[in-house]
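We count ligands from 1, going down the list as the structure has it; atoms in each ligand are counted the same way. Because the structure is predicted, anything quoted here is derived from the model rather than measured.
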Amino acid sequence: MSEKRTSIHGQWANRTVFILAATGSAVGLGNIWKFPYITGENGGGTFVLVYLLCIALIGIPIMMAEITLGRRGKQSPINTMIALAKDEHRNPGWVWLGWMGVAAGFLILSYYSVIAGWAMSYIFRTGSGMFLGVTADGVNSIFTDLVSDPERLLAWHTIFMVMTMMIVARGVKQGLEKAVTYLMPLLFGLLVVVVIYAMTTGYFMQGVEFLFTPGTITREGVLTAMGHAFFTLSLGMGAIMVYGSYLSEEYSITQAAIWIAIADTVVALLAGLAIFPIVFANGLEPGAGPGLIFQTLPIAFGHMQGGTLVGVIFFTLLVFAAWTSAISLIEPAVAYLVENKGLSRIYASVWIGFLTWFVGLGTVFSFNIWKDKTMSIPYIFDNLTFFDTLDYLTANIMLPLGGLFIAIFAAWVMREQSTKEELATHPVIYKTWRFLVRFVTPLAVIIVFLNAVGAIKI
Ligand code: PHE
């Protein structure tokens, strides 16, 4: 029975540690690198609104469901799905949900690490004083130089993967707690510093308007906003599930989920408020793509008082935030190998790390020698590079699909009594949650999917 299950990987010291670890997973490149550039590409206001709605109506309920599943199953997502399906006397086929999550985490990490490598190299670029008094053109050419050099990208990607696998090999609980307690608030503080700089550019209100005034959005844009809600909250692939499996019974899941979602959203909005005023003040393109933060933030660091130091610390913390997310991307796979194949954590980490690193080469080349090699899948996407394809498949398809089935499992497959017991929350909150995961969340995900492929029109 689930009551007697314990995790062989240990458990969090208390609820705060869990919230910190899960926030560490949620807050990462998704908030600071991805949110601004996809907001820019999708025209701002309406995109942000759809994203916020998805966080509230889809993200928080699914996060509660995912933690619930993890805590009840107490194993890697693959084995958790097997165990829970058995507890509820349901089809063992649900295990594929665990496998899809492992695959998504693996694919995401392969490109995540390359981008984290860019951030690492920017610690040194900022530190060398390269950005002092820099112009928009200057920053642009520094960025282009970096990404057009596969060797440099490969070196940083390798360093980041080694760093990540070293921590995963030791077990995620050591070190994560202290690091997240001090470094997350510091990152938050530095973002505020950049927002204050953005206020001095004279274009702050233009940035605010861009972010918060509704305009138009494409069908694709709606899917991207929803996909990003999953990505930024680390939902739909088992990261939050595996962290939930290390959570002991006495802590409230509802509160934890709400705190994590709020912290994550605030960081993303701050990043937007920091970046868009700089974009407009320097006549840059909001839709510049994945290089956006690397083409804007250095301008702030190159012109503010003490900017070199602020910049070095900022990029260091960004790498750190990426690192705490990367760990959670790969933890489900490592936990599975330890459980089923009897591998040591070290061995499992080295193997998975190597494979992820290898797939990452495709992303390294997407920005230079394979820049013009694109792929298409009829009705789904057209002409995407290797990196864009991975990003599309994972964030826009695999995570929402994973989330949809997590919601279906928690709301339709598990008995009401099981989830009630696990969530142990106020009856009104429980009823609201159940209504959301039973009806609102699955319908919303399905409608957004159908709308994106043009099968229905909203
Ligand atoms: N949430 C992380 C970020 O925003 C990325 C991530 C996605 C981590 C999925 C784990 C699982 O950067």
Roughly how far, to the nearest 0.5 Å, is the [atom2] atom of [Y] from the [atom1] atom of [X]?
| X | Y | atom1 | atom2 | value |
| --- | --- | --- | --- | --- |
| Lys74 | Ile8 | NZ | CD1 | 13.5 Å |
| Met398 | Leu390 | CE | CG | 9.5 Å |
| Ile253 | Leu247 | CD1 | CG | 6.5 Å |

With heavy atoms and a 4.0 Å threshold, my read on which part of Ser328 contacts ligand 1 is side chain
Quick one: does ligand 1 sit under 4.0 Å from the side chain of Met237, the backbone, both or neither, non-hydrogen atoms only? side chain
For [atom], what's the nearest protein heavy atom and its distance?
| atom | value |
| --- | --- |
| atom 1 (N) of ligand 1 | Phe231 O, 2.8 Å |
| atom 12 (O) of ligand 1 | Tyr112 OH, 2.4 Å |
| atom 8 (C) of ligand 1 | Ser234 OG, 3.3 Å |

For Phe160 together with Trp156, are the ring centres under 6.0 Å from each other? no
Taking the six-membered ring for Trp and the full ring for Phe, Tyr or His, determine whether the centres of Phe315 and Trp118 are under 6.0 Å apart. no
Cut-off 3.5 Å, side chains only: do Ser121 and Arg125 have a donor facing an acceptor? yes
Between the candidates Gly101, Gly402, Ala26, which shows the shortest non-hydrogen contact distance to atom 4 (O) of ligand 1? Ala26
Nearest heavy atom to atom 2 (C) of ligand 1: which of Gly28, Ala239, Ser25 does it belong to? Ser25
Any N or O on Leu233 sitting closer than 3.5 Å to an N or O of ligand 1? no
Checking the N or O distance criterion of under 3.5 Å, is ligand 1 in contact with Gly30? yes
With the threshold set at under 4.0 angstrom, would you say Phe230 reaches ligand 1 through any of its heavy atoms? no
Check each atom of ligand 1 against the heavy atoms of Thr232 and keep those under 4.0 Å away; list them by number with element. 1 (N), 4 (O)
Quick one: sort the Phe18 and Trp12 rings into parallel, tilted or perpendicular, breaks at 30° and 60°. tilted
Any idea how Tyr122 and Phe143 line up, ring-wise: parallel (<30°), tilted (30 to 60°), or perpendicular (>60°)? tilted
